[in-house]
Every structure is written in C-alpha cells, then in structure tokens.
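Notes follow the structure.
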Amino acid sequence: IKYDCAWVGIDSGREGLWKEPIWKDVLRIIAEHVGERVYDRTSPIYRALEQAYPNEAWRSTTREGDFRPLFRDYPNSWTRTGVASLANQQFQVTELGKRVLGGTISKSGLLIHMFKQHTEHSGLHGVAEKPFVILASGVLAAPRALSTQEIYWAIMKNYRPEQDSLPDIVKKTLRSIRREPDPTPYRRLRNMLTLMRTAEAIASTRRGPSTIWSALNTQLLNDIKM
C-alpha cells in the first residue's frame, strides 16, 4: 500500500436521491416553497413532496417525539451540488439552482464541476488531494475495466497521476493483496463511483457478485482531470 488514505467523498447517504427525475423535481418543488422552514412539520413543502414522491420519508419523528425531516440526514444531493441552501433553516434555491431549472447548465456539468473542486486532506500527514481527479485519471489509465475492489486497491491505495503506472499496479501489485477493503472507506468509494456514473462519465456492469467500472465519456473524464 503506497498511499494510506481513506477518502470521504460526498458520502451521498441515499443513492436514489441523486437520480432522475426525483433530483430535479425536488429542486423544482423547493423553488416553489422558498422561505419555508425546514424544521416546521406544517410547512407546505412537505405536503407537495409527499404528493410527488410518497415512498420517501420526508417527515418522520425521533424516539423523543421531535420532528425529523429527510433534509436533516440527506441534504447532500442538493446542498453539496450548490443548487439549494438550508441556511438559517429555510429552503432556498441558489443562483446555480436557478440555472439548472432554467436549462442553462446540465446536471452532468454541475457534477463535473463539483468533482473538480472536491479536495480532501487524507492519509497520515493530511496531504491535500482531489479524489475524483485521481479516479478519473485512473479510469482513463486502466488497461481494462476494473471492479470496485480493484479500484480501491489499485487506484485509491496505490496510484497517483504522473507518479505511478496503473498498468503495472494492475498487473503486479493487485496479485499480492489478499485482504478485504475496510468497509466504510469501501462504501464511500462505491458512492463516489456511483456519482461519476450519474454524471455519465463512467459506466458499470455486473459480473457475478462484482460491479465492473469502465470509461463511458472520455471527454468528461479528461474535463475532471483538468
């Protein structure tokens, strides 16, 4: 293991909330209820959300009887992409969100921008690096499609652009690794790959019990690298 890191990524929580049509529909509903209170169970936005997507738990209650909105635990689909804000515990749509609703920026473009900007300080010495940039570079440099576990060991743990040869790592290093990935970093990496698939930069296929990832749009992957 050359790089002792465990990326956090966006830690999406609920994968389904990033998908269409729910992601953009919810943004549109927020735009229709700007200024309403997030922690007011009677805010009309919750009735609108429940009518649109009744299978999601938009309103729930804690064991102590306190109101617990879905946005308390899973706001990242909208807040981390910068299209909505829950500042001051009020629903707001940002200028970026208005551009999405107006059709002047695509969701894919929005996610690519987020990937390019996302920086983490990981490893023993807290080195700053951009995980999505490393993943994009790795997918492009890979000699073949890679499983999630192979991406964990070959790219996250052993590869950095312009420093390492990914074909050599896949050919030699992977053979010597026999242990399983740590569960939490592995789950977070899987979430990161899923988001890159949502942005239509990479594709996935099932091969037995494994998910195999490959480049889908090399132009988008190169854009993330820049």
Side-chain angles (χ1 to χ4, degrees), residues 1-16 18-19 76 80-81 108-226:
I1 305 303
K2 187 173 181 180
Y3 302 101
D4 183 21
C5 67
W7 295 331
V8 175
I10 309 302
D11 201 14
S12 59
R14 271 198 197 175
E15 179 185 342
W18 294 84
K19 294 181 178 180
N76 285 349
R80 288 297 298 272
T81 50
S108 177
L110 189 74
L111 291 173
I112 297 301
H113 177 75
M114 181 179 70
F115 298 157
K116 294 170 68 171
Q117 300 301 314
H118 181 72
T119 303
E120 295 189 23
H121 293 78
S122 60
L124 292 175
H125 304 291
V127 176
E129 59 184 12
K130 294 188 173 183
F132 287 102
V133 172
I134 296 168
L135 286 172
S137 299
V139 170
L140 288 170
R144 57 174 174 80
L146 300 174
S147 68
T148 311
Q149 187 160 323
E150 288 174 326
I151 290 175
Y152 180 94
W153 293 119
I155 298 179
M156 186 170 83
K157 296 290 191 178
N158 282 290
Y159 169 80
R160 294 299 179 268
E162 301 180 3
Q163 297 183 49
D164 306 290
S165 169
L166 191 59
D168 286 347
I169 293 168
V170 171
K171 183 178 180 181
K172 301 174 184 178
T173 306
L174 283 180
R175 295 179 180 178
S176 64
I177 299 173
R178 294 290 180 265
R179 60 192 176 98
E180 294 295 315
D182 295 327
T184 298
Y186 187 68
R187 173 182 60 81
R188 288 171 171 167
L189 174 65
R190 189 169 58 245
N191 286 340
M192 294 171 71
L193 294 170
T194 299
L195 286 180
M196 292 177 70
R197 182 181 63 195
T198 300
E200 301 179 347
I202 62 176
S204 67
T205 56
R206 294 291 297 178
R207 189 175 299 168
S210 301
T211 300
I212 308 299
W213 305 89
S214 59
L216 176 63
N217 188 319
T218 56
Q219 182 177 342
L220 290 181
L221 289 169
N222 278 304
D223 190 16
I224 297 171
K225 286 174 53 181
M226 295 176 59

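Being a predicted model, the structure only gives us computed values, none of them experimental. The figures that follow rest on heavy atoms only: side chains count, while hydrogens, waters and symmetry mates do not.
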[Y] side chain reached by [X] side chain, heavy atoms, under 4.5 Å:
{"X": "His121", "Y": "Val127", "result": "no"}
{"X": "Leu111", "Y": "Trp18", "result": "yes"}
{"X": "Arg188", "Y": "Thr184", "result": "yes"}
{"X": "Asp182", "Y": "Tyr152", "result": "yes"}
{"X": "Arg179", "Y": "Trp153", "result": "yes"}

Ignoring hydrogens and angles, tell me if any N or O in the side chain of [X] forms a donor-acceptor pair with the backbone of [Y] under 3.5 Å.
{"X": "Thr119", "Y": "Gln117", "answer": "yes"}
{"X": "Asn217", "Y": "Leu220", "answer": "yes"}
{"X": "Ser176", "Y": "Lys172", "answer": "no"}
{"X": "Ser204", "Y": "Ile212", "answer": "no"}
{"X": "Arg197", "Y": "Glu200", "answer": "no"}
{"X": "Asn158", "Y": "Ala154", "answer": "no"}
{"X": "Tyr159", "Y": "Ile134", "answer": "no"}
{"X": "Asp223", "Y": "Gln219", "answer": "no"}

Give, for atom [atom1] of [X] and atom [atom2] of [Y], the distance between the pair rounded to the nearest 0.5 Å.
{"X": "Cys5", "Y": "Glu120", "atom1": "SG", "atom2": "CD", "value": "8.5 Å"}
{"X": "Leu146", "Y": "Leu174", "atom1": "CG", "atom2": "CG", "value": "7.5 Å"}
{"X": "Arg160", "Y": "Glu129", "atom1": "CZ", "atom2": "CD", "value": "4.0 Å"}
{"X": "Arg80", "Y": "His118", "atom1": "CZ", "atom2": "NE2", "value": "6.0 Å"}
{"X": "Phe132", "Y": "Ile10", "atom1": "CZ", "atom2": "CD1", "value": "4.5 Å"}
{"X": "Met192", "Y": "Ile151", "atom1": "CE", "atom2": "CD1", "value": "10.5 Å"}

[X] and [Y]: which non-hydrogen atoms are nearest, and at how many Å?
{"X": "Gln149", "Y": "Glu180", "answer": "OE1-OE1, 3.6 Å"}
{"X": "Ser147", "Y": "Trp213", "answer": "C-CD1, 4.1 Å"}
{"X": "Ile224", "Y": "Ala201", "answer": "CD1-CB, 4.5 Å"}
{"X": "Val139", "Y": "Ser214", "answer": "CG1-C, 4.0 Å"}
{"X": "Ser137", "Y": "Lys225", "answer": "OG-CG, 3.2 Å"}

Exercise. Within a radius of less than 6.0 Å around NZ of Lys2, do more than 12 heavy atoms belonging to other residues, nucleotides or ligands occur?
Worked result: yes
Exercise. Got more than 12 heavy atoms from elsewhere within 6.0 Å of CZ, Arg207?
Worked result: no
For this session: Could you point out which residue of Leu135, Ile202, Leu221 forms a side chain to side chain contact (heavy atoms under 4.5 Å, CB included) with Leu140?
Result: Leu221
